[in-house]
A.B. asks: 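This structure is in structure tokens; I'll ask about it shortly.
Below, chain A is the first sequence line, B the second, and so on; all start at residue 1.
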Amino acid sequence: MIKAIKGAKDLFYDEVVRWQALEKLVREIFENFNYSEIRTPVFEETRLFARSIGEETDIVSKEMYTFTDKSGLSITLRPEMTASVVRAFIEHSLGKQFNLNKFYYIAPMFRQERPQAGRLRQFHQFGAEALGSSSPSLDAEMIILAYEILKQLGLKKLSVKINSLGSPAEREEYRKVLREYLKPHYDKLSETSKVRFEKNVLRIFDSKDERDIEIMKDAPRLLDSLGEESSAFFEEVKELLSKAGVEFETDTALVRGLDYYTHTTFEIVSESVGAQSALCGGGRYDLLAEQLGGTPTPGVGFAAGMERILLACANEEIEVGKKEKVKLYIVRIEKELKNKAFELALFFRRHGIKTELDYLSRSVKAQMREANRIEAEHVLILGGEEFLKNEAVLKNMSDGSQKNVSLANLEAVLKEISG
RNA sequence: GUGGGUAUAGCUCAGUUGGUUAGAGCGUCUGGUUGUGGCCCAGAAGGUCAAGGGUUCAAGUCCCUUUACUCACCCCA
């Protein structure tokens, strides 16, 4: 048997209903905040991700689906969306059309990791990117947006963590300070942290190794060494969040894994999923556009993992979405009437009534059972003596009542069903 | 990439210290009188017990290998 690729899932029936409901909510909220949807190709030139996400990151160094196409070009299935959005922004000179561009997306991403709860190889994210403003109100808006969606879904066990990585200069300065602090402890660090010491010191904060955590406990914090401007920026973000009623905590150890972040970074975690508890994360990336060869343009964004969100909803027993019931099921008694039934079904369907009928030449009893199974609201029974009078029986399935209706006046039947 | 767990019907799972034709619930299908659902009743279909090898008179059950799934590490959304 040929099966789906590891870490890639088929969705159908009830599961799809949940996804559609989530997508609908996401769209509504993004539209309210006046974000417009952006769609970019699922694959890009490999160097786009190498340059933006960072060569040394795990994503780029070992998790990408990369292949060479027939022209010899190295292509990669996108592992995240920010790089693509910024690429499109630069390619189409969108910054020259509008000073501020606010985009959202709902799209599949690909990373070749070992699947586990809340982590797939083809996974789906919704997210937003705002390019062109360095106002802290946008940083706050991103967090509020993400929070709003999760709240409106009904999720409870959430915590919002925020931090600031400061300006690039401050970050660079802090790197030195941190290295200085770590030097005497170097030998006690875990192997991965030793590597990070050279390549990306900040990431040592992410370590779960107990000895690393012990060492990092007393490490100087980037947040404490921020300049006046960066501090004021961060304060304003926090103030806006407080006014918006978003409860958050400052987590000085929150260092995001992607190289392009500056200033605000944030994460919303849930207790209701497994180990992969981050439902969404993001931050500001003022250097990225320039880094990708565009004119310097400040940006902020976030991405949220849809599988994780739905998993959290399921674990908190939140029902997401409801399937629309069939309004009318057409039962035919005599088999010769099957085309008449088909024709009638088409009439109702064309008038916006969700209609179903038998395609399996089944008995009347079986057709009724089917109508009941799919919870059809009404059944129209076609045949017998009523049909000779150009009438049919319309049955209300919830109370079992039925009445004869004229097939010469389908408008009246429409009214009956819709009312 | 490294660990742990699991693998029996479409789904959720039983299957006793290895012992005859492998079970249940749900789901599906048919019927319980002519043209009517739900509840109930009766019946049916559906399984190379993940695959391969080994031990044994005898393996779903014990051992080995492989594969898949799953959880965790790692990383991240």
A.B. asks: Name the nucleic acid region contacted by A/G384, choosing base, sugar-phosphate or nothing; use a 4.0 angstrom heavy-atom cut-off, strictly under.
C.D. replies: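 Base: the residue A/G384, judged by heavy atoms under 4.0 Å, touches a nucleobase.
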A.B. asks: Just how far, in rounded Å, is P of B/rG37 from CG of A/L394?
C.D. replies: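 Spelled out: CG on A/L394 to P on B/rG37 is 17 Å.
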A.B. asks: Base, sugar-phosphate or nothing for A/L279? Non-hydrogen atoms, less than 4.0 Å.
C.D. replies: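 Sugar-phosphate, no base atom in range.
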A.B. asks: What's the CD-P distance between A/Q122 and B/rC76, to the nearest Å?
C.D. replies: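 Nearest whole value for this atom pair: 21 Å.
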A.B. asks: Check every strand shown and say whether A/G400 touches a base, only sugar-phosphate, or nothing at a heavy-atom separation below 4.0 Å.
C.D. replies: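 Since a base atom lies under 4.0 Å of A/G400, the category is base.
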A.B. asks: Please give the nucleotide sitting opposite B/rG3 as a Watson-Crick or G-U wobble pair, both distances under 3.5 Å, or none.
C.D. replies: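 Answer to the pairing question: B/rC71, which forms a Watson-Crick or G-U pair with B/rG3.
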A.B. asks: Round to a whole Å and report the spacing from CZ of A/R121 to P of B/rC76.
C.D. replies: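 Rounded to whole Å, this separation is 17 Å.
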A.B. asks: Once you apply a heavy-atom cut-off of 4.0 Å, does A/R373 come out as touching a base, just sugar-phosphate, or nothing?
C.D. replies: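 Sugar-phosphate only.
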A.B. asks: Do the side chain of A/R308 and the base of B/rC76 come within less than 3.5 angstrom through a donor-acceptor pair of N or O atoms?
C.D. replies: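 Donor-acceptor pair under 3.5 Å: yes.
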A.B. asks: Using the P atom on both, measure B/rG38 against B/rU20 and round to a whole Å.
C.D. replies: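 To the nearest whole Å, 39 Å.
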A.B. asks: Measure from the side-chain heavy atoms of A/A117 and tell me the nearest of B/rG35, B/rC74, B/rA72.
C.D. replies: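 Given the options B/rG35, B/rC74, B/rA72, the side chain of A/A117 is closest to B/rA72.
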A.B. asks: If we take the P atom in both B/rA58 and B/rU21, what is their distance in whole Å?
C.D. replies: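 Going atom to atom, P in each nucleotide, I get 14 Å.
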A.B. asks: In the structure shown, which nucleotide is the Watson-Crick or G-U wobble counterpart of B/rG10, with both distances under 3.5 Å?
C.D. replies: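 Pairing partner, where one exists within any strand: B/rC26.
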A.B. asks: Expressed in angstrom and rounded to an integer, what is the separation of A/Q276 atom CD from B/rC76 atom P?
C.D. replies: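 Spelled out: CD on A/Q276 to P on B/rC76 is 10 Å.
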A.B. asks: Contact class for A/E80 (heavy atom, under 4.0 Å): base, sugar-phosphate, or nothing?
C.D. replies: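 A/E80: no heavy atom of the nucleic acid under 4.0 Å.
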A.B. asks: From the set B/rA77, B/rA72, B/rU36, return the single nucleotide nearest to any side-chain atom of A/M368.
C.D. replies: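 Of the options given, the side chain of A/M368 lies nearest B/rU36.
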A.B. asks: Mind checking who B/rC57 pairs with, Watson-Crick or G-U wobble, both distances under 3.5 Å?
C.D. replies: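 Its partner is B/rG19.
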A.B. asks: A side-chain contact here means heavy atoms from C-beta on lying under 4.5 Å apart; do A/R18 and A/C313 qualify?
C.D. replies: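 Contact flag for A/R18/A/C313 side chains = yes.
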A.B. asks: I'd like to know if A/Q116 reaches the base of B/rC76 with its side chain such that a donor and an acceptor end up less than 3.5 angstrom apart.
C.D. replies: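 Side chain to base: no pair below 3.5 Å.
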A.B. asks: Using heavy atoms to find the nearest nucleotide of RNA chain B for A/R114 and A/E385 separately, return the residue whose nucleotide is more 5′.
C.D. replies: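 The residue whose closest nucleotide sits nearer the 5' end is A/R114.
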A.B. asks: Using a 4.0 Å heavy-atom cut-off across all strands, classify A/V379 as base, sugar-phosphate, or nothing.
C.D. replies: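 If one applies the 4.0 Å heavy-atom cut-off, A/V379 turns out to touch nothing in the nucleic acid.
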A.B. asks: Taking the side chain of A/S363 as its heavy atoms from C-beta onward, which of B/rC29, B/rG31, B/rC76 lies nearest to it?
C.D. replies: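 Minimum distance to the A/S363 side chain belongs to B/rG31.
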A.B. asks: Within the modelled atom types, does a donor on one side and an acceptor on the other bring the side chain of A/R369 and the base of B/rU36 under 3.5 Å apart?
C.D. replies: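 No, the side chain and the base share no sub-3.5 Å donor-acceptor pair.
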A.B. asks: Can you figure out which of B/rC73, B/rA77, B/rU28 approaches the side chain of A/C280 most closely?
C.D. replies: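 The listed nucleotide nearest to A/C280's side chain is B/rA77.
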A.B. asks: Find which nucleotide of RNA chain B each of A/V364 and A/L120 is nearest to by heavy atoms, and output the residue with the more 5' nucleotide.
C.D. replies: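 Final value for this comparison: A/V364.
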A.B. asks: Can you check whether any acceptor in the base of B/rU36 is under 3.5 Å from a donor in the side chain of A/K365, or vice versa?
C.D. replies: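 No such pair is found, so the answer is no.
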A.B. asks: Provide, to the nearest angstrom, the distance between the CG atom belonging to A/D399 and the C1' atom belonging to B/rG38.
C.D. replies: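 Going from CG in A/D399 over to C1' in B/rG38 covers 13 Å.
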A.B. asks: Would the base of B/rG37 count as contacting A/Q367 through its side chain, where contact means a donor and an acceptor less than 3.5 Å apart?
C.D. replies: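 Under the 3.5 Å cut-off, the side chain and the base do not form any donor-acceptor pair.
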A.B. asks: Determine the contact category for A/K3: base if any of its heavy atoms lies under 4.0 Å from a base atom, sugar-phosphate if only primed atoms, P, OP1 or OP2 are that close, otherwise nothing.
C.D. replies: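 The residue A/K3 makes sugar-phosphate contact but no base contact.
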A.B. asks: So what's B/rU34 paired with, Watson-Crick or G-U wobble, going by both distances under 3.5 Å?
C.D. replies: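 Pair assignment: B/rU34 / none.
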